[in-house]
Amino acid sequence: MIKMTADSNLAAWLKDKSGMPAPESLTDALDALYAAGPGERATAQAKEKARRALLKYSAGTVYYDVLPRTPVGPVYVATSARGVIAVSFGPTERAFLDRVRKETGALARRAPKENASAIRQMREYLAGKRAAFDLPLDLNQLTEFRRRVLMAALKIPRGQVATYAEIARRIGQPKAARAVGQALGSNPIPIVIPCHRVLASDGSLGGYSGGKGVKTKVRLLKLEGAL
Amino acid sequence: MTLKPAFESLVDAHGAELFAYLWRMTRDAPDAEDCLQETYLRAYRAYPRLDSTANCRAWLYKIATNTARTHLKRRGRTQARTADLDPDLTRGGDPIPENVERRQSLAAVARVVESLPYQQRAALILRKYQELSYSAIAAALDCTEAAARANVYQALRKLREELKLARSANDQNDRR
């Protein structure tokens, strides 16, 4: 076993100016365990993996625009190079930009051109002239589970509703109704991804975090003729 | 006004040392790999809020420390994996009794290190193997410099005590 008799200077080991003496064999053992590190190949591989993950995750430049007057308040849309990455309605511009920055790491720039199609479709939808959106979406920053929940919600057509439990079944995790509720509650692209079409299993409305909460949910469902 | 470096450059600048740190904290290469990725993703999200005068390196260490803590908690009671204890020992063919004994000793030390309070273990490794200054350790562990110093010394004091106990228990077993 480690012999604890011989003393060396711990302070020197720690490169401290003052300290206490430590048994030589303890510091030896620690060095044997930790000094060498993981090795060059493993390090290169780990760095490459981190770099790739970042690349996949990073939204790059994000552009936003606003539809100032709608029945649910001003609607903000942000788009990355991959597609629509965030929608908010009701907040101030500042609050929306803070949210985008928090979720994507990007400081969004106002650019109507990059959001023209999303804004046009949103206007048509809110005027009752559009049933479904046809837009690329950027869900890269979400976990696999959240992505699957949102993709399932995306498939509910206008005028219809589903329950949290149904969505949980559709993604093959029938016991995850509560987690489904959470994933829908933090839907980064509301309206376009119609989380408002998902209700509680007892037929009550469940929650809604966009705009004015459940009131807005009712409003959207009425607009779609589902209520 | 100082400009913060482009985030991507932080992988090249600090990736290797952070990986080594995470490897030392998790003692498992795949775990450390996952933690490194998670550390950079967390850092990426938080980067816009980082003060331009802040110490980037210490800030990354702080995120790595928290990431590893979460990871280890999750790994939790599922048996702690242990990296090859001492590659030198496995290289030379037949195990020599002395080497076996040495490996057992190292395993014992590793176990005791892993049983230290997380802050103390992190402080010890940050000081001795990552060679951070106490002020950087304080920033990484979100404590004062004095506390950082105390954590390092507490870790070593406990290691010595625990290993003494382990040794005397062993001696008694040998006598039986």
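Reckoned from all heavy atoms, side chains included, excluding hydrogens, waters and symmetry mates. Every value quoted in this text rests on a predicted model; they were computed, and no experiment measured them.
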Checklist outcome for this item: One should read off an interatomic distance between Glu33(B) CD and Glu48(A) CD, to the nearest 0.5 angstrom, of 10.5 Å
Checklist entry - Rounded to the nearest 0.5 Å, how far apart are CG of Leu159(B) and CG of Leu30(A)? => result 6.0 Å
Checklist entry - Is it the side chain or the backbone of Phe7(B) that comes within 4.5 Å of chain A heavy atoms, both, or neither? => result side chain
Next on the checklist: Report which part of Ile125(B) has an atom under 4.5 Å of a heavy atom belonging to chain A: side chain, backbone, both, or neither.
Outcome noted: side chain
Item to check | For Glu144(A), all residues meeting side-chain contact (heavy atoms from CB on, under 4.5 Å), sequence neighbours excluded | outcome: Arg147(A), Arg148(A)
For the residue pair [X] and [Y], establish whether any side-chain heavy-atom pair is separated by less than 4.5 Å.
{"X": "Tyr34(A)", "Y": "Lys128(B)", "value": "no"}
{"X": "Lys49(A)", "Y": "Leu36(B)", "value": "no"}
{"X": "Arg45(B)", "Y": "Lys102(A)", "value": "no"}
{"X": "Arg24(B)", "Y": "Leu33(A)", "value": "no"}
{"X": "Lys47(A)", "Y": "Asp12(B)", "value": "yes"}

Next on the checklist: Does Arg178(A), at its CZ atom, have more than 12 non-hydrogen atoms belonging to other residues, nucleotides or ligands within less than 6.0 Å?
Outcome noted: no
Checklist entry - How about Arg109(A): does its CZ atom have over 12 heavy atoms from other parts shown lying under 6.0 Å from it? => result no
Checklist outcome for this item: Smallest heavy-atom separation, Tyr40(B) atom then Ala50(A) atom, equals CD1-CB, 4.1 Å
Item to check | By salt bridge (charged side-chain N to carboxylate O under 4.0 Å, His left out) - contacts of Glu114(A) (at least two apart) | outcome: none
Next on the checklist: I'd like to verify something: which residue of Arg51(A), Glu40(A), Glu103(A) has the highest number of heavy-atom pairs under 4.5 Å with chain B?
Outcome noted: Arg51(A)
Next on the checklist: Let's test your reading of the structure: which of Thr104(A), Leu107(A), Thr43(A) forms the most heavy-atom pairs below 4.5 Å with chain B?
Outcome noted: Thr43(A)
Next on the checklist: For Asp31(A), is there any backbone N or O sitting under 3.5 Å from a side-chain donor or acceptor partner on Tyr129(B)?
Outcome noted: yes
